[in-house]
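Every value quoted in this text rests on a predicted model; they were computed, and no experiment measured them. Lettering of chains follows the sequences in order, A, B, ..., and the numbering in each one begins at 1.
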4 protein chains.
Amino acid sequence: MMLPGARRRVRTTDSKERLFEAAMELLGSRSPEAVSVDQIAAAAGVSKGTVYYNFGSKDELVSQILEYGAGKLMHQLTQLAKDDDPYQALKSMIEFAMEFVTGYPSFAQLWMQEQLQSDKSSDFAQSPLHRQVTALLIEVLDRLVHLDQAEKLPVASTIFGAALFTARMSSTRRDDLAHEQVVRAILLTVDGLLATRPRTTN
Amino acid sequence: MMLPGARRRVRTTDSKERLFEAAMELLGSRSPEAVSVDQIAAAAGVSKGTVYYNFGSKDELVSQILEYGAGKLMHQLTQLAKDDDPYQALKSMIEFAMEFVTGYPSFAQLWMQEQLQSDKSSDFAQSPLHRQVTALLIEVLDRLVHLDQAEKLPVASTIFGAALFTARMSSTRRDDLAHEQVVRAILLTVDGLLATRPRTTN
Amino acid sequence: MMLPGARRRVRTTDSKERLFEAAMELLGSRSPEAVSVDQIAAAAGVSKGTVYYNFGSKDELVSQILEYGAGKLMHQLTQLAKDDDPYQALKSMIEFAMEFVTGYPSFAQLWMQEQLQSDKSSDFAQSPLHRQVTALLIEVLDRLVHLDQAEKLPVASTIFGAALFTARMSSTRRDDLAHEQVVRAILLTVDGLLATRPRTTN
Amino acid sequence: MMLPGARRRVRTTDSKERLFEAAMELLGSRSPEAVSVDQIAAAAGVSKGTVYYNFGSKDELVSQILEYGAGKLMHQLTQLAKDDDPYQALKSMIEFAMEFVTGYPSFAQLWMQEQLQSDKSSDFAQSPLHRQVTALLIEVLDRLVHLDQAEKLPVASTIFGAALFTARMSSTRRDDLAHEQVVRAILLTVDGLLATRPRTTN
DNA sequence: AATGAATGAGGATTCATTCAT
DNA sequence: GATGAATGAATCCTCATTCAT
């Protein structure tokens, strides 16, 4: 019922964006099944129908959050991996992962959930994200120490898993000291490698 | 005196036990919210009401599985921690955790889910199980290297988290080699400690 | 699993009786639909099956309570109606009704509920109890004042209803003064009759 | 563009209203526990979900019916109480109560049920409605006769209870004569007062 | 005489989704 | 673009009842 000539607010803060953020917020502490479309819509201050208008389905909304997070995470990790000093690169990557999970708990939440659900992931490197992150880690590790082919994936996965899980577990803590300690603890895996494997001679 | 075709209890294999096992099976690959009471009852070959007769509620059934797993896990870990050689103790503990998660994927699943849900667990050592396991790990670590008070919990949590998460991720693999590799990867954290901290002189 | 020769307690306080009393107690404050067989059995300290062994069904148990109460009430009211002084008779009857409802709130509860349920009771004198009580009241009233045939039932019903309802409403009060006041208030109906109708000349 | 035989809403007679009326109808002769949401929805010709969309819960629907009735009843009673002649006021009030209960049997049904349930209502004037109605009655009675403070509430309660209960008992009768007789019977309480108490000299 | 395990029908409620406006 | 009324399938749970022991 718009009068002709009337004009909508230019920055409607697009309902779509509001929904995205509200969903991120809510999914930070609950599983998707435990968050209803009503709740998301209410939190975004729009009607339920708008969710369907913008995303088509709840699953699609969740997927988009997951994708968005994965993109953001991978982008930054890729940058950090370029550091000339591979140890420093790993440290930065882990630090960033910690920050990221703190900032987007919903992402870690969703990603873990997704990993844990399907039986299909028998190959334990199924998901694109997992594959990408571990590939990146392996790349950096290769520049640091000499690893047998067979142990590369387990090591990378361990680092990734430890970082993700521990970060998520302690993500509510605003305590930076704890963050520091956790990063160092995860880096111990790398220290262990350095102590037991021949360094990469480059 | 069973008519052919009649579908009575084949044996009074205690419906309770049948339900427990069916639930364990189903919860191994899906979150509690994603498993319905009907499904559990059907899988156990009993009626829905029997679930409520035996457990009172779905939540209670889930809790009991969690408790059962926690008890079993702690019991064995406590035994293994007694090994005179602390490094060997840690190795055995991690190995056992891997096996355990493979055998009872539902346990890890449930436990993680529970951890990830509540905001309350801000102190990241809230759950009794987490507390118990990390306490045990710290005890063993103390016999191995000298750690600052502040870093004890982060280190122990990292080991626990890495083991649990990685194990869960690769749990479908029956491949023992992979298991071995994963255990070794997790132990790298300990190797890192040994390489960077003064040994406990006992 | 009784050893031969063993003997049961002589005074088993008959489970049946225990059930009856427990049911009376519970039905005093809740509608039959709101009281489960489990609750009754638990309150009586017997198993659920015992209810069915002794009463056949929940409805039957409720019916028996109703019958028991009706019998007891009618028996006493009939005695009191015999008083030579019809006014005194009415007063005693109302007093007794008050006491009765206080002692057996479940009875009033059940009886009202039953009255209110069925559409059948279109004739508003359907139930045997109602018929009996009003008949008794009319008999006494006839000895006191001269009433038109058409107004007899309404007057008797009003007294009965007022007594039952008001008694039930204030039944939790242990306060005897209030009881007295309520009795007097109900008797006002009779006073009104006395003031406006010709006395029975006997 | 309705295909013949299609069963869409005939008119958007607001499902909410349809549900309200269907529920009133059904609750007129049965207790809330004995009426299922399915039945209400079916009677209103809408789906079960619509009940929850409009009312949130069964209890809320029941409460709203109760409130609606209480409002309507009190509004009219308040008007009638204003009559200059207090006796006539009381007569009109009782007459209206009779009509009201005949028209909305569900209201009396629900209200009684609610009164009879809780043990909390020990003070026998707990409910707002009861309090309001008795307050109104007392106000009118005060204009008619002189009553001791202590007997006011019992008298008012008796009138209210008698009217409500007797009305409900005979509500199915369409017979106006009976109505008249019942009103007169209840008014006897007032006649009794007039005969035994000093008139208010105003 | 009594039990308690088991049942299945039924009840309240939630929720993703559709659709006319 | 957006809404909100309406839906119906699915879910958790209750409960009267049965029956073998």
Nearest-angstrom distance from the residue atom [atom1] of [X] to [atom2] of [N]:
X     : N      : atom1 : atom2 : value
C/D14 : E/dA1  : CG    : P     : 9 Å
B/R18 : E/dA6  : CZ    : C1'   : 12 Å
C/E17 : E/dA2  : CD    : P     : 12 Å
C/N54 : E/dT3  : CG    : C1'   : 12 Å
B/L61 : F/dC13 : CG    : C1'   : 14 Å
B/I40 : F/dT11 : CD1   : C1'   : 12 Å
A/E60 : E/dA16 : CD    : P     : 15 Å

Q.
Could you measure the distance from the CD atom of D/E17 to the CD atom of D/E21? Nearest 0.5 Å is fine.
A.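 That separation rounds to 5.5 Å.
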Q. With a 4.5 Å limit on heavy-atom distance, are the side chains of D/V101 and D/F107 in contact?
A.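 D/V101 does not reach D/F107 side chain to side chain.
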Q: Both distances under 3.5 Å, Watson-Crick or G-U wobble: on that basis, could you give the dot-bracket string for DNA chain F, with [ ] for crossing pairs and | for other-strand partners?
A: .||||||||||||||||||||
Q: Would you classify A/V51 as touching base, sugar-phosphate or nothing, given that sugar-phosphate means primed atoms plus P, OP1 and OP2, and contacts are heavy atoms under 4.0 Å?
A: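 Counting heavy atoms under 4.0 Å across all strands, no contact is made by A/V51.
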Q: Not counting sequence neighbours, which residues clear salt bridge (charged side-chain N to carboxylate O under 4.0 Å, His left out) with B/K48? List them please.
A: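 Here the qualifying residues are B/D38.
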Please list, chain by chain and in numerical order, all residues satisfying side-chain contact (heavy atoms from CB on, under 4.5 Å) with [X], sequence neighbours excluded.
X     : value
A/Q39 : A/L26, A/R30, A/V35, A/S36
D/F55 : D/K16, D/L19, D/F20, D/L61, D/Q64
B/S57 : B/D59, B/E60

Q | Per-nucleotide protein contact string for nucleotides 8-15 of chain E, where B marks a base within reach and S marks sugar-phosphate only (heavy atoms under 4.0 Å, - for neither) | A | B-BSSBB-
**Q.** Under the side chain to side chain donor-acceptor pair (under 3.5 Å) test, residues paired with C/Y68 that sit two or more places apart
**A.**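 Only C/K72 meet the side chain to side chain donor-acceptor pair (under 3.5 Å) criterion with C/Y68.
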Q. What residues, two or more places apart in sequence or in another chain, satisfy side chain to side chain donor-acceptor pair (under 3.5 Å) together with A/S63?
A.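 So A/S63 forms no side chain to side chain donor-acceptor pair (under 3.5 Å) with any residue.
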Q | Any residue meeting ring pair (Phe, Tyr, Trp, His ring centres under 6.0 Å) with B/Y104, in chain and number order, not counting sequence neighbours | A |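 If we apply the ring pair (Phe, Tyr, Trp, His ring centres under 6.0 Å) test to B/Y104, skipping adjacent residues, the hits are B/F100.
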